[in-house]
There are 2 protein chains.
Amino acid sequence: MGQFLGEFEQLILLALLRLGEDAYGVSIRAEIEQRTGRDVSIGSVYTTLERMERKGYVRSAIGQPTPERGGRRKKYYHLAAGGQAALSHTLRAVRSMTEGLAPELVE
Amino acid sequence: MGQFLGEFEQLILLALLRLGEDAYGVSIRAEIEQRTGRDVSIGSVYTTLERMERKGYVRSAIGQPTPERGGRRKKYYHLAAGGQAALSHTLRAVRSMTEGLAPELVE
DNA sequence: GCATATATCTCACATTGTGGTACTAATATA
DNA sequence: TATATTAGTACCACAATGTGAGATATATGC
């Protein structure tokens with residue numbers, strides 16, 4: 001369709017917003033798992049991030065090594081303008097379909 | 001993943017709730033187009049309804065012919081218990097990821 | 001019967017979602 | 001130096017969802 005996000009894409013972009021400067025694969029996954037109870041495979045996260053980067057929805061930057069017992073460098077992600085727009089459109093669409101419905105149906 | 005709905009599936013189930021007794025392919029499509037501005041091909045609607053019926057999310061019943069200049073019988077759909085549950089889970093997941101974020105990011 | 005209106009069905013292809021496995025790059029310890 | 005350990009990312013095949021074009025069906029009006 002262009003312009004509208006899939007369900008998992010939404011969760012990832014929302015995680016970026018929540019995490020701010022600290023958004024990278026592992027923290028994104030943890031944020032979604034903690035807040036939604038859904039269990040998320042780390043592979044899906046990277047795949048989806050990579051696809052959204054190609055579409056211009058997110059941008060990434062490799063971080064510096066941190067002194068916490070080694071490990072590969074983090075790849076930090078942040079929301080790009082196109083991603084913010086797509087997110088807004090998508091949230092608005094669902095919200096407009098929800099408006100006026102009885103709360104017990106929609107909570 | 002099971003238990004969580006795709007984006008378009010959500011819109012269709014919400015349309016069922018909005019339309020009540022009058023939910024059938026054409027009216028579902030119209031409701032989504034009018035409220036979201038998104039344009040929806042009628043084929044997607046039927047395909048998605050049929051898949052959700054197989055999963056037990058919706059049920060259908062063939063209507064009687066109506067006297068409005070002919071036409072094929074309508075197939076009315078309504079939300080089943082499993083669909084209501086999946087819808088709630090999905091909406092809740094997005095809502096929990098949205099909570100506390102600045103409104104301008106999330107509206 | 002034939003025309004026309006309303007509606008559904010089918011199907012191939014595109015996009016998104018998923019999770020297992022492999023790989024890479026850092027520090028620690030010796 | 002090298003080996004172990006930890007943290008993190010990349011890859012990839014397959015499944016589920018999304019999409020749209022075109023075909024088909026069933027009603028009424030004449």
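No experiment lies behind these values; they were computed from the predicted model shown. Order of the sequence lines fixes the chain letters, A, B, ..., with proteins taken first and strands second; residue numbering starts at 1 for each chain.
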Quiz item: Atom CD1 of B:Ile42 and atom C1' of D:dA25: how far apart are they, to the nearest Å?
Solution: 15 Å
Exercise. Could you walk me through whether B:Val58 and B:Ile12 pass side chain to side chain contact (heavy atoms under 4.5 Å, CB included), step by step?
Key: CA-CA 10 Å; B:Val58 301; B:Ile12 289 193; 6.0 Å; no
Quiz item: Of the residues in residues 6-22 of chain B, which ones touch DNA chain C at a heavy-atom distance under 4.0 Å?
Solution: none
Quiz item: How long is the line joining CD of A:Glu50 and C1' of C:dT15, in whole Å?
Solution: 14 Å
Identify all side-chain donor-acceptor contacts of residues 99-107 of chain A below 3.5 Å with residues at least two apart in sequence or on another chain.
none

Quiz item: What pairs of residues pass the side chain to side chain donor-acceptor pair (under 3.5 Å) test when at least one of them lies in residues 24-35 of chain B, not counting sequence neighbours?
Solution: B:Arg18-B:Glu31
Practice problem: Could you tell me whether the side chain of B:Thr47 has a donor or acceptor atom within less than 3.5 Å of a complementary atom in the base of C:dC9? | Solution: no
Quiz item: How long is the span from the CG atom in B:Asp22 to the CD1 atom in B:Ile28, to the nearest 0.5 Å?
Solution: 9.5 Å
Practice problem: Figure out the OH/P separation between A:Tyr76 and D:dA7, and round it to whole Å. | Solution: 14 Å
Quiz item: Between atom OH in B:Tyr24 and atom P in C:dA5, what is the gap in whole Å?
Solution: 16 Å
Practice problem: May I ask you to decide if A:Val45's main-chain N or O and A:Thr48's side chain share a donor-acceptor pair within less than 3.5 Å? | Solution: no
Practice problem: State whether B:Lys55 places a side-chain N or O below 4.0 Å from either non-bridging phosphate oxygen (OP1 or OP2) of D:dT17. | Solution: yes
Quiz item: Can you tell me if the side-chain N/O atoms of A:Arg73 get under 4.0 Å from OP1 or OP2 in C:dA26?
Solution: yes
Self-check item: Pairwise distance CD1(B:Ile32) to CG(B:Leu14) - rounded to 0.5 angstrom
Solution: 8.5 Å
Quiz item: At their closest point, which heavy atom of B:Gly56 faces which heavy atom of B:Ala80, and how far apart are they?
Solution: O-CB, 3.4 Å
Practice problem: Find the distance A:Asp39:CG to C:dG17:P and express it as a whole number of Å. | Solution: 16 Å
Practice problem: Could you tell me whether the phosphate oxygens of C:dT18, OP1 or OP2, come under 4.0 Å of any side-chain nitrogen or oxygen in A:Arg38? | Solution: yes
Quiz item: Between atom CZ in A:Arg51 and atom C1' in C:dT15, what is the gap in whole Å?
Solution: 8 Å
Within the sub-3.5 Å range, which N or O atoms of nucleotides 28-30 of chain D have a protein N or O partner, and how far apart are they?
residue, atom, partner, partner atom, Å
D:dT28, O4', B:Gly70, N, 2.9
D:dT28, O2, B:Arg69, NH1, 2.5

Self-check item: Selection residues 77-94 of chain A - residue pairs positive for side chain to side chain donor-acceptor pair (under 3.5 Å), sequence neighbours left out
Solution: A:Gln3-A:His89, A:Gln84-A:Ser88
Self-check item: side chain to side chain donor-acceptor pair (under 3.5 Å): pairs with one or both residues in residues 4-17 of chain A, sequence neighbours excluded
Solution: A:Glu7-B:Gln10, A:Glu9-A:Lys55, A:Gln10-B:Glu7
Quiz item: How do A:Arg72 and A:Gly43 order along DNA chain C: which one's closest nucleotide is nearer the 5' end?
Solution: A:Gly43
Quiz item: Which distance, rounded to the nearest 0.5 Å, do you find between the CG of B:Leu16 and the CG of B:Leu11?
Solution: 11.0 Å
Quiz item: What's the CG-P distance between A:Leu49 and C:dT18, to the nearest Å?
Solution: 14 Å
Exercise. Would you indicate which nucleotide in D:dG20, D:dA10, C:dT18 comes nearest to any side-chain atom of A:Lys75?
Key: D:dA10
Quiz prompt | By side-chain contact (heavy atoms from CB on, under 4.5 Å) - contacts of B:Ser44 (at least two apart) | solution = B:Phe8, B:Ser41
Quiz item: Near DNA chain C, which residues from residues 77-91 of chain B have a heavy atom under 4.0 Å away?
Solution: none
Exercise. Can you tell me which residue pairs pass the side chain to side chain donor-acceptor pair (under 3.5 Å) test with a partner in residues 58-76 of chain A, sequence neighbours excluded?
Key: A:Glu53-A:Ser60
Self-check item: Rounded distance [0.5 Å steps], CG in A:Leu87 versus CZ in A:Phe4
Solution: 12.0 Å
Quiz item: Under 4.0 Å between a side-chain N or O of A:Lys74 and OP1 or OP2 of C:dA26?
Solution: no
Exercise. Evaluate side chain to side chain contact (heavy atoms under 4.5 Å, CB included) for A:Val94 paired with B:Thr36, printing each intermediate quantity in order.
Key: CA-CA 8 Å; A:Val94 174; B:Thr36 69; over 6 Å; no
Quiz prompt | Residues in contact with DNA chain D, drawn from residues 25-33 of chain A - heavy-atom cutoff 4.0 Å | solution = A:Gly25, A:Val26
Exercise. Measure across B:Leu5 and B:Tyr57 and return the closest heavy-atom pair with its distance rounded to 0.1 Å.
Key: CD2-CE1, 3.5 Å
Quiz item: Taking atom P of C:dG17 as reference, at what distance in whole Å does atom CG of A:Leu5 sit?
Solution: 9 Å
